[in-house]
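Data block below; observations after.
Only a predicted model underlies this, so the values are computations on that prediction, with no experimental measurement involved.
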Amino acid sequence: MVELDYKKLGKRIKECRLKKHFTQEKLAELVNAAASNISHIERATTQVSLPSLVKIANALDVTLDQLVCDSSIPVAEFYLEKDISQLLQSCSRSEKEMIKDIVAAAGKTLKEHRERT
């Protein structure tokens, strides 16, 4: 049986919260919890219940997989690719070609950086 890593879970919740520019108080308000409870969850000093975790995921507009799965797990990668695909749907063909060129250049730069380190 695989145990849930509450430290990693708390870190992911905090990262998602900060990306949304939410304070702990704002997230707590959205999920009907105390700000101290959000703090305890993020620091892994308490184990979050499944109903609370669902509320947190909904408030942060992420999936449960994004919160509980390591980024190396294929399910999380699937959702990342799905998110990218949805973002591209509203782009014109020429915009998609520009985005492809940007991604290719960024990939090349990242590869060169990895090789230097």
Side-chain angles (χ1 to χ4, degrees):
M1 181 169 91
V2 176
E3 291 289 323
L4 182 58
D5 187 331
Y6 286 95
K7 286 185 180 187
K8 287 183 181 179
L9 172 64
K11 181 179 178 187
R12 286 189 199 99
I13 290 171
K14 181 177 181 178
E15 288 171 355
C16 292
R17 176 178 60 77
L18 293 174
K19 282 182 185 176
K20 297 287 272 186
H21 304 288
F22 289 170
T23 62
Q24 288 180 342
E25 291 78 13
K26 176 65 176 176
L27 180 56
E29 178 184 318
L30 291 171
V31 300
N32 196 26
S36 61
N37 189 256
I38 300 300
S39 175
H40 290 298
I41 292 168
E42 290 182 355
R43 291 182 292 118
T45 57
T46 189
Q47 294 183 355
V48 62
S49 69
L50 182 58
S52 294
L53 189 57
V54 170
K55 288 179 185 179
I56 290 170
N58 287 336
L60 295 173
D61 196 28
V62 297
T63 65
L64 286 175
D65 284 344
Q66 289 172 295
L67 293 179
V68 300
C69 296
D70 287 327
S71 61
S72 61
I73 295 177
V75 173
E77 189 167 330
F78 167 78
Y79 283 108
L80 179 61
E81 290 174 5
K82 183 179 170 190
D83 289 346
I84 292 169
S85 178
Q86 288 175 340
L87 290 169
L88 291 173
Q89 286 179 356
S90 64
C91 296
S92 69
R93 180 182 169 96
S94 63
E95 291 169 335
K96 289 176 185 175
E97 288 176 4
M98 288 189 308
I99 291 169
K100 180 189 79 132
D101 292 342
I102 291 167
V103 170
K108 180 180 175 186
T109 301
L110 290 170
K111 181 180 176 186
E112 291 170 355
H113 179 69
R114 276 193 308 266
E115 290 171 355
R116 285 190 303 243
T117 57

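The closest side-chain heavy-atom distance from K14 to K11 is not below 4.5 Å. For the pair N37/V48, no side-chain contact is recorded, criterion being any heavy-atom separation below 4.5 Å from C-beta on. Counting only heavy atoms from C-beta outward, the side chains of I56 and I41 approach each other to under 4.5 Å.
Under a cut-off of 6.0 angstrom, the local environment of CG in D101 is crowded, with over 12 non-hydrogen atoms contributed by other residues, nucleotides or ligands. Within a 6.0 Å sphere centred on NZ of K7, other residues, nucleotides and ligands contribute 12 heavy atoms or fewer.
Residues passing the side-chain contact (heavy atoms from CB on, under 4.5 Å) test with Q86 are K82, D83, sequence neighbours excluded. For E95, there are no salt bridge (charged side-chain N to carboxylate O under 4.0 Å, His left out) partners at least two apart in sequence or on another chain.
The distance from the CG atom of D61 to the NZ atom of K20 is 4.5 Å, given to the nearest 0.5 Å. E29 contributes atom CD, which lies 8.5 Å from atom OG1 of T23 (distance to the nearest 0.5 angstrom). In this structure, CD on E81 lies 7.0 Å from CD1 on I84, to the nearest 0.5 angstrom. To the nearest 0.5 angstrom, R12 atom CZ is 7.5 Å from C69 atom SG. Between L60 atom CG and L67 atom CG the span is 6.5 Å, to the nearest 0.5 Å. Between the CG atom in L30 and the NZ atom in K26 there is a gap of 4.5 Å [rounded to 0.5 Å].
Note: the hydrophobic cluster containing V31 also contains L50 (ILVMFWY, side chain heavy atoms under 4.5 Å, direct or indirect links). L18 and L27 end up in different hydrophobic clusters when Ile, Leu, Val, Met, Phe, Trp and Tyr side chains are linked at under 4.5 Å.
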TODO: Check the pair S49, S52 against side chain to side chain donor-acceptor pair (under 3.5 Å), reporting the backbone distance first and the verdict last.
DONE: CA-CA 5 Å; S49 69; S52 294; 3.0 Å; yes
TODO: In sequence, state the C-alpha distance, the side-chain angles, and the governing distance for L87 and I99, and then conclude on side chain to side chain contact (heavy atoms under 4.5 Å, CB included).
DONE: CA-CA 11 Å; L87 290 169; I99 291 169; over 6 Å; no
Task: Residue pair T63, Q66: steps toward the side chain to side chain donor-acceptor pair (under 3.5 Å) verdict - done: CA-CA 5 Å; T63 65; Q66 289 172 295; 3.2 Å; yes
Open item on the list: As a quick check of understanding, evaluate side chain to side chain contact (heavy atoms under 4.5 Å, CB included) for T46 and Y6, giving each step before the final call.
Closed with: CA-CA 8 Å; T46 189; Y6 286 95; over 6 Å; no
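A distance-only check finds a donor-acceptor pair linking the side chain of T109 to the backbone of A105 [under 3.5 Å].
Ion pairing of E15 with K19 is absent here, as no side-chain N (NZ or NE/NH1/NH2) approaches a carboxylate O to less than 4.0 Å.
The nearest pair of heavy atoms linking V68 to L9 is CG1-CD1, 4.0 Å. Closest of all the heavy-atom pairs between Q24 and A35 is OE1-O, 4.2 Å.
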